[in-house]
Amino acid sequence: MWWQRPPLSAFLLVGAAAGMLVPAVFAWRSNVPGLAQTFALCAAGTLLAAALVTLALMNRNPRITARAQLATLLGGYVVLPAIAALPLYLAAPWMGFERAYVEMVSCLTTTGVSLAEPGSLAPTLHLWRATVAWLGGFLIILSALAIMAPLNLGGYEMQSVIHGARPGEGWASLGVAEASLRLMRTARRLGPVYLGLTALLALLLATAGDAPVDAVIHAMSVLSTSGISGQDAGLGGGAGRLAEMIALPFLILAATNRGPQIQFSRGDLDWLRTDPELRIMLAVVLSAALLILLRHVMAQADEMELLAILAAAWGAVFTALSFLTTTGFVSGDWPGGAAAAHPGLLLLVLATLGGGIASTAGGIKLLRSYAIMQQGLREMGRLSHPNSLGGDGETARRLRQAGAYIAWVFLMLFLVALALVFAAFALAGLEFDAALALSIASLTNTGPVYAVGAPNAPGFGEIGTGARLVAVCAMILGRLEALAVLALLNPENWRR
């Protein structure tokens, strides 16, 4: 069919042009014709570029494979931010194109760290930042299901092992001829759910008291786990604690592989009971919140009342979940007060763990952490009973053995990448705490954790061009994951 002939790059350009219409319409309704014209012209130029790319490549008959689309996806993370940065640069020329490009890389990879203070940008530009992050979140889920899954990457290597394949066995199916058709089918299935959840959350936040534009920005930020806000106070700036309570179940959906595919059926109820990622998410969040709350209560034991303790408990739970899902919203009831009292290291660990596979969350991923934890528990049991047999069935044994093996390989790759990025930031002039926090923030795509993990570090806009370039590379690497980059470097790619 004709819609299968255009390359993936043309569809990416069309998506960028469609996204530009959102701030264009908002600026027009807000009586800011200059911004509306800027975004409209950029959208028209992007559509023209998409048409030219389509006409140039439509009659070619290349062997479109999932691997080729993975390479296109990598190129998209490099080129698309430049296109998205153009209207931002034209609307705020004081930023400069380099800073606008870095800003858009941060948004597209759902990292969410910003070079500008919230008050320095117009609401239309904050809406554009959130829209780019929202589109980036959809691109992540789409690429995970349609591109990463056939390659056994992005966490799907764990599911492949659980279902009986050996580590790396699925890589034999790298040449998939129906890649474009699978991509379009996945987009048609995911698009309505992703859009519907965003619209529902925006409506609930607006009903709770958020301004309409802030409700849309926060809804896009939650579903894309980008943590972008147009207010200094973040998610709770308008509706307070009620907005956080409304957003919490959507955060869970956004950070699990079932979220974008939810159908509100009996199968979803079974998923709530049996999903290992949900279980480890609950255990990690409650454990981290308890540690934070105990630290806070012990520091202020003589001044705490029951309501204050309950408020601090809610703030600890919401903030722990927000950073575990790599979103980065800090609750208005966040216990601590002074920056020195913030348990930033614990939040860095939560961001490193990350969310679920095939979700907008970054980090190591919960299923990999679950496999390593299960193998660790098994080894601890063998210390007491060396001749014991591991139970829980065939699936659990595969997860503890082959699953833990490939999860450990990914963990080592992540730590090597973290060490290299940390060294690059140190060479660029950052202090130890700033380099560590920014390395984790970039590789896990959790931008707000930089300010929390290193409260005395210079802002992202003050670290220098070299350090920002390192951050751009780290954000893209963290979004695609090291295994995907290694798959592109596989020598089989170089053979005809």
Side-chain angles (χ1 to χ4, degrees), residues 1-19 50 54 62-77 80 108-110 131-160 163 170-171 173-199 220 223-225 253-265 267-268 271 275 277 355-362 365 367 479-481 483-484 487-488:
M1 299 178 66
W2 68 269
W3 50 266
Q4 298 180 33
R5 301 299 299 274
L8 175 60
S9 55
F11 287 111
L12 295 179
L13 290 173
V14 171
T54 302
R63 187 169 179 243
I64 301 175
T65 64
R67 179 190 288 158
Q69 290 191 332
L70 181 59
T72 303
L73 184 64
L74 175 60
Y77 277 113
L80 283 178
L108 188 64
T109 58
T110 72
T131 302
V132 172
W134 186 78
L135 292 173
F138 182 71
L139 178 61
I140 292 161
I141 303 172
L142 179 63
S143 60
L145 295 174
I147 300 176
M148 299 290 190
L151 300 176
N152 280 345
L153 297 171
Y156 280 97
E157 73 279 1
M158 298 296 301
Q159 285 196 346
S160 177
H163 290 95
W171 288 31
S173 63
L174 287 176
V176 182
E178 298 181 351
S180 296
L181 183 60
R182 182 178 58 254
L183 195 69
M184 296 304 297
R185 286 176 175 172
T186 306
R188 288 201 302 267
R189 187 176 77 250
L190 292 179
V193 178
Y194 190 68
L195 179 62
L197 288 174
T198 306
M220 288 180 170
L223 267 297
S224 63
T225 64
L253 287 177
T256 53
N257 61 358
R258 187 72 176 187
Q261 307 175 71
I262 192 168
Q263 300 295 328
F264 301 101
S265 61
D268 294 318
W271 163 71
D275 187 74
E277 289 184 329
I357 65 173
S359 71
T360 57
K365 306 295 187 185
L367 190 58
R479 190 72 277 173
L480 285 179
E481 295 192 350
L483 284 176
L488 287 174

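Just so we're clear, the structure is a prediction, and the values are computed from it rather than from any experiment.
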- Message: Show the nearest heavy-atom pair for residues Ala254 and Ser359, with the distance to one decimal.
- Response: O-CB, 3.3 Å

- Spatial distance of atom CG (Leu145) from atom CZ (Arg185) [nearest 0.5 Å]: 14.5 Å

- Note on the structure: Heavy-atom closest pair (Pro192 atom, Ala187 atom, distance to 0.1 Å) is CD-O, 4.4 Å

- Task: Indicate yes or no: at least one non-hydrogen side-chain atom of Thr360 is less than 4.5 angstrom from one of Leu223.
- Result: no

- Message: Between Thr110 and Ser224, do the side chains contain a donor N or O and an acceptor N or O under 3.5 Å apart?
- Response: no

- Note on the structure: When every non-hydrogen atom of Ala146 is compared with those of Thr186, the smallest separation belongs to CB-OG1, 3.8 Å

- With sequence neighbours left out, the residues meeting side-chain hydrogen bond (donor to acceptor under 3.5 Å, both in side chains) with Thr198 are Trp134

- Item | CD-OG1 distance between Glu277 and Thr256, expressed to the nearest 0.5 angstrom | 7.5 Å

- Leu73 side, atom CG; Leu142 side, atom CG - distance, nearest 0.5 Å: 9.0 Å

- Task: Give, for atom CG of Leu139 and atom OG1 of Thr109, the distance between the pair rounded to the nearest 0.5 Å.
- Result: 11.0 Å

- Item | Spacing of Leu253 atom CG and Thr225 atom OG1 [to the nearest 0.5 Å] | 12.5 Å

For residues 8-15, dump all side-chain donor-acceptor pairs below 3.5 Å to protein atoms at least two apart in sequence or in another chain.
none

- Out of curiosity, Leu480 CG to Ile140 CD1, how far, rounded to the nearest 0.5 Å? 9.0 Å

